[in-house]
2 protein chains.
Amino acid sequence: MTGTRREVPNDPGRKDRILDAALDVIAEWGVHRTTHRKIAERARVPLGSLTYYFDGLDDLLAQAFARLADTMSELYRATLQKAASAQEAEAAVVDLICGPAYATARDMTLIFEMYAYANHNPAVATTTRAWLHRSRGSLALHFPPHVGQALDVLVEGWPMHRTFDRTPPDRALVAATVHAIVTGVPSPSGT
Amino acid sequence: MTGTRREVPNDPGRKDRILDAALDVIAEWGVHRTTHRKIAERARVPLGSLTYYFDGLDDLLAQAFARLADTMSELYRATLQKAASAQEAEAAVVDLICGPAYATARDMTLIFEMYAYANHNPAVATTTRAWLHRSRGSLALHFPPHVGQALDVLVEGWPMHRTFDRTPPDRALVAATVHAIVTGVPSPSGT
DNA sequence: CCCTAGTGTGTACATCAGTACAGTCTTTTC
DNA sequence: GAAAAGACTGTACTGATGTACACACTAGGG
């Protein structure tokens, strides 16, 4: 009658390890072909664990993608926060597009999977939308809203092309495009 | 001994109907959760047909995505070919980004699925790469290579954002961004 | 009009996946 | 140190899925 006796998990951090393993499996196999068993094996965890911690595979994937979005958002914001001038801000955007930290091949694969999956899972759709807004917010540290919106499109689209193109990123071209947008896109019509 | 006697299928066009049905199923359910049976039902075709015409599900999906890429490429090129001046070319790019013809919600869903799947299927990767090059080629009708590359990123990235944002496209902003790139991105460094 | 060769189909099967749950282990309290 | 309560696991089960293949159908030729 001492109230709840145990509230501490035997293996703390287990949940996160499962989520990381899930992302590994998704990156390697795609969401189609991702199974409880593959994730359990990767995480060195018994199969039963997955149904214990998660409410089915959809829930597990949703939480894994949420974790991914979090990590990427942090990186996105950190990259922009380091910039101390307008010039450095432009350079930061170029870094986001060309890497090497952000938008690695694995990242892009996962992002593709997430976007595809988001169209069939409301929770992941919400996560994705939130991520978009956080990116906008980070860009707002240095750029007016309209410019930020256009730049975010670049950060989104360019690595996608690179993923399939296989050509190394042309930093000069990216920098020129970023600069063209920063200097050439006017403020909202109201001004 | 009359050589091959029959070379005409009993039901010509059946294959294409299956591929169209496959795209419908993918758009509605996602590649994960796409099954032979769902496609067969949608196409009003017996299950055995699918293994008769296609070499497994991967092959079917690959051909379905190839069909999608073809259709989209045609539309992309047609839109740009209509433009008769530099100004009209810019407007055409804005149309590609904002619709209504190109990049509908269904299109975007399918494109996401295709990109995700391409990372796990070499044939679809090739299809995707080819599509990218065809887009570049179409843009080359009006723009120098560097500008075309940057514009293509916009055509790719902007509808993606719109898909999740749910906000109607801001044509003025898109037009301004396109214009900024066309006028602000210099030719290759060699010049 | 029947025969043939190629087109197409219904069904059955082996496999695998998601999930539930009876049972085991671990930690805490007294 | 033992008992209890919650944390965790091994396994079994149901259903669905990809695929093969023996069979039926259709269209020409003689």
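Model, not experiment: these values are computed from the prediction. Just so we're on the same page: letters track the sequence lines, and every chain starts at 1.
Less than 4.0 Å separates DNA chain C from at least one heavy atom of each of the following residues of residues 50-67 of chain B: Tyr52(B), Tyr53(B). Listed in residue order, the members of residues 23-48 of chain A having a heavy atom less than 4.0 Å from DNA chain C are Thr34(A), Thr35(A), His36(A), Arg37(A), Leu47(A).
By the salt bridge (Lys or Arg N to Asp or Glu O under 4.0 Å) test, Arg14(A) is found to be paired with Asp11(A), residues two or more places apart in sequence or in another chain being considered. With sequence neighbours left out, the side-chain hydrogen bond (donor to acceptor under 3.5 Å, both in side chains) criterion links His36(B) to no other residue. For Asp24(A), the side-chain hydrogen bond (donor to acceptor under 3.5 Å, both in side chains) partners two or more places apart in sequence, or in a different chain, are Arg106(A).
Applying the ring pair (Phe, Tyr, Trp, His ring centres under 6.0 Å) rule to pairs touching residues 50-84 of chain B yields Phe65(B)-Tyr117(B), Tyr76(B)-Tyr102(B), sequence neighbours excluded. Applying the ring pair (Phe, Tyr, Trp, His ring centres under 6.0 Å) rule to pairs touching residues 8-27 of chain A yields nothing, sequence neighbours excluded.
No more than 12 heavy atoms of other residues, nucleotides or ligands lie within 6.0 Å of CD in Gln87(B), so this atom counts as exposed by the packing criterion.
Using a 4.0 Å cut-off, some side-chain N or O of Ser49(A) falls inside it from OP1 or OP2 of dT9(D).
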Please tabulate, for the side chains in residues 124-131 of chain B, all donor-acceptor contacts under 3.5 angstrom to protein atoms that are two or more places apart in sequence or on a different chain.
{"from": "Thr126(B)", "atom 1": "OG1", "to": "Pro122(B)", "atom 2": "O", "distance (Å)": "3.2"}
{"from": "Thr127(B)", "atom 1": "OG1", "to": "Ala123(B)", "atom 2": "O", "distance (Å)": "3.1"}
{"from": "Thr128(B)", "atom 1": "OG1", "to": "Val124(B)", "atom 2": "O", "distance (Å)": "2.8"}
{"from": "Arg129(B)", "atom 1": "NH1", "to": "Phe164(A)", "atom 2": "O", "distance (Å)": "3.0"}

Distance-only check: which donor-acceptor pairs under 3.5 Å involve side-chain atoms of residues 37-46 of chain B, not counting sequence neighbours?
{"from": "Lys38(B)", "atom 1": "NZ", "to": "Arg33(B)", "atom 2": "O", "distance (Å)": "2.7"}
{"from": "Arg42(B)", "atom 1": "NH1", "to": "Glu28(B)", "atom 2": "OE1", "distance (Å)": "3.2"}
{"from": "Arg42(B)", "atom 1": "NH2", "to": "Glu28(B)", "atom 2": "OE1", "distance (Å)": "3.2"}

